[in-house]
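Presented below is the structure to which this report refers.
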Amino acid sequence: MLMYIGFVLSFLTAAVFCYFSIRLKAKVVTIELALDTISVPVALFDESNKCFYVNHSGKSLLSAEGNENYSNFVSKFEKAGINFCESRVGNTGHQSLIGIDTLELERGVDSYKKEIYWLTSILDALPIPLSVTDKDMNWTFINKVVEDMLGVKRKDIIGKHCSNWGASICNTDDCGIIRLHNGLNETLFSQFGKDFQVTVNYLYGDKGEVLGYVEAVRDISDLISKTREADELAHWYKSILDAIPFPISVTDTNMKWTFVNQATEAALGKRREQIIGKHCSEWGANICSTENCGVSQFKLGIQNTSFSQGGMDFKVQVASLKDTDGQLKGYVEIVQDVTEANALAKKVEDTASTMILNMRSTSERLTEDSRQIAEGTQSLAAGVEEQSAQVQILNHNVGVISSKISSNAESSKSASDLSDKAKENALKGNVDMKGMLASMEGIKESSIDISKIIKTIEDIAFQTNLLALNASVEAARAGDHGKGFAVVAEEVRNLAGRSSEAAKMTNDLITDSLGRVENGTTTAESAAESLNTIVADFEQVSNLVEQIAFASKEQSELADELSNGIGQFASVVEESSATIQGLATSSEELASYAETLNQVTV
């Protein structure tokens, strides 16, 4: 409303000023026509407060004519019930009375209110918290989201300092407005279990002057959560790469490092932060900045290359790194120490050379041996008949051995049963020994308790002796009257002495018993350990006997098979005679093959 009134008054004042200025220039008619079109009364007065002009509205609404003084016109305005305003034109002494159209003013105010309500509704409909402060950081407006978020009403909070928001950044250097003064229009804070981003901008007037600030708050909890998840996932992958024992490095398309694992840090002797962003040629290998560089070779279609450094051999494998759109983003290089592998390959090569030499020597010996075999086949034929006779004897002896082995198997089984029984008895003895140890430990504890009780009896006897002594003294003081009491006190003292002596003897006996129990416990523990050793030995003996029994059974079966084999061998020996002739021929062929092998290995 005030803005509208100001606009109307400014317009009319400007018109009046123009009138006086133009009047001096003899253009009164044009200005008067303009003022006559205004629907509110306008009266102009000179420096003597005499009216020299009234427009048509003034004449009709106020029934006024010219030449009336200023106070008369004021009365006419008040009588007609027309609101008016007074103004002076500079330092000229001229004045004006200008009527105000209340209806038109109310219509303007209603229009202004509707526009304000419409703009407020738009800001309230925004799903993000929005607040406006003046230059002193006092709230001049908050939208409905802020009301709901802070649990306040707009009318109650307007004019209060924005630090009443209660965020962790309020009254700190991270305040959004403070950061805006420093050239940064965004800040972050956490509240109500959520994360928020604040965007701040200046609010300018129509002349470019700063009127205040606009702050928009955005809930970025999901984004922060996803960012944290991404960071955790990145850390997880980074940990996996760091756990790999050989160097892995990642470079961008310009061959500058974007990641290295811990193995690479160890190889270069530098921290990851010192390496990222630098060119990979700082590795310092002899292939760096040459055509044998891993990335250069990869661009030529070769994935593997190698280099030597520090007396060691390394193999480099390179792969491309692409984004989801298939665009090249960089390269991954995997460096593996192949020093031992190369040494092994050299060793294999040397071994192969040695084997070839050995094969050549062997082929020469084979040639000679094949000749000797050919000669020996003749004598073998003669020996075949003799073998046939020996086989018959051997078959009989094997039968006897088989019978003995069966008997041994049965004896081994009996020994195994006896060993198991002895083992059970030893185990039972071990259990009984543990029970005896527990009983002796109980006796020891009881003896200690008795010793404590006897100590108490000794103390009581000592105290009784003192009391008896005191009683004797008192009886002596009593004279004849205390003689009988003195006799009793003496007996009590004697009894206390005998009790003390008996307790001492008992204590000595218990101490000696404790020593004997201790020795007995030690002996019993030693016996228990011996029984444990015996049990373990019986276990081994039992296992050995079982193995002997099993071996005897296998031997018996093998003896049967051997007997059958010998029978088959007898028939084979008969067939061998015919085979020997063919062997002589084969020996000659073997000599020929050996000669060929000898030529190949030259």
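- Salt bridge annotation for Asp222-Lys194: absent, with no cationic side-chain nitrogen under 4.0 angstrom from a carboxylate oxygen.
- Looking at Tyr331 and Leu321, their side chains never come closer than 4.5 Å, going by heavy atoms from C-beta outward.
- Ring geometry for Tyr202 against His181 counts as parallel: the plane angle stays under 30°, on a 0 to 90° scale with 60° as the upper cut.
- Listed here is the closest heavy atom pair of Phe314 and Gln309: CE1-O, 3.6 Å.
- Salt bridge status for Lys144 with Asp148: present, with a side-chain N to carboxylate O gap under 4.0 Å.
- Thr264 places no side-chain N or O within donor-acceptor distance of the main-chain N or O of Val260, the cut-off being under 3.5 Å.
- With sequence neighbours excluded, no residue forms a salt bridge (charged side-chain N to carboxylate O under 4.0 Å, His left out) with Glu147.
- Nearest approach of Ser281 to Ser289, heavy atoms of both residues: CB-OG, 3.5 Å.
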Checking side-chain contact (heavy atoms from CB on, under 4.5 Å) for the pair Asn138/Thr133: CA distance, chi angles, key distance, verdict?
CA-CA 5 Å; Asn138 295 320; Thr133 58; 5.9 Å; no
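- From Cys293, atom SG reaches atom CG of Asn286 across 11.5 Å, with rounding to the nearest 0.5 Å.
- With values rounded to the nearest 0.5 angstrom, Gln297 atom CD is found 12.0 Å from Gln303 atom CD.
- Looking only at distances, a side-chain donor or acceptor of Asn143 sits under 3.5 Å from a matching main-chain atom of Leu123.
- With respect to the salt-bridge test (charged N to carboxylate O, under 4.0 angstrom), the residues Asp195 and Arg228 qualify.
- In this structure His279 satisfies the ring pair (Phe, Tyr, Trp, His ring centres under 6.0 Å) test with no other residue, sequence neighbours excluded.
- Of all heavy-atom pairs spanning Thr339 and Asp313, the tightest one is OG1-N, 2.8 Å.
- Only one option out of Val198, Val146, Leu130 pairs with Val217 in a side-chain contact (heavy atoms from CB on, under 4.5 Å); it is Val198.
- In terms of the side chain to side chain contact (heavy atoms under 4.5 Å, CB included) criterion, Glu291 has no residue partners (sequence neighbours excluded).
- Checked options Ile248, Val316, Val250; the residue passing with Glu333 is Val316 (criterion: side-chain contact (heavy atoms from CB on, under 4.5 Å)).
- Counting only N and O atoms by type, the side chains of Thr140 and Asp134 include no donor and acceptor under 3.5 Å apart.
- Phe259 places a side-chain heavy atom less than 4.5 Å from the side chain of Asn261.
- Lys256 is linked by a salt bridge (charged side-chain N to carboxylate O under 4.0 Å, His left out) to nothing, counting only residues two or more places apart in sequence or in another chain.
- Residues Asp219 and Ser221 have side chains that bring a donor and an acceptor to within less than 3.5 angstrom of each other.
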side-chain hydrogen bond (donor to acceptor under 3.5 Å, both in side chains) assessment of Glu282 paired with Trp257
CA-CA 10 Å; Glu282 293 199 14; Trp257 277 311; over 6 Å; no
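- Residues satisfying the salt bridge (charged side-chain N to carboxylate O under 4.0 Å, His left out) criterion with Arg218, sequence neighbours excluded, are absent altogether.
- When all heavy atoms are compared, the tightest approach of Arg272 to Glu265 is N-OE2, 2.5 Å.
- The ring pair (Phe, Tyr, Trp, His ring centres under 6.0 Å) search around Phe196 returns Phe189, not counting sequence neighbours.
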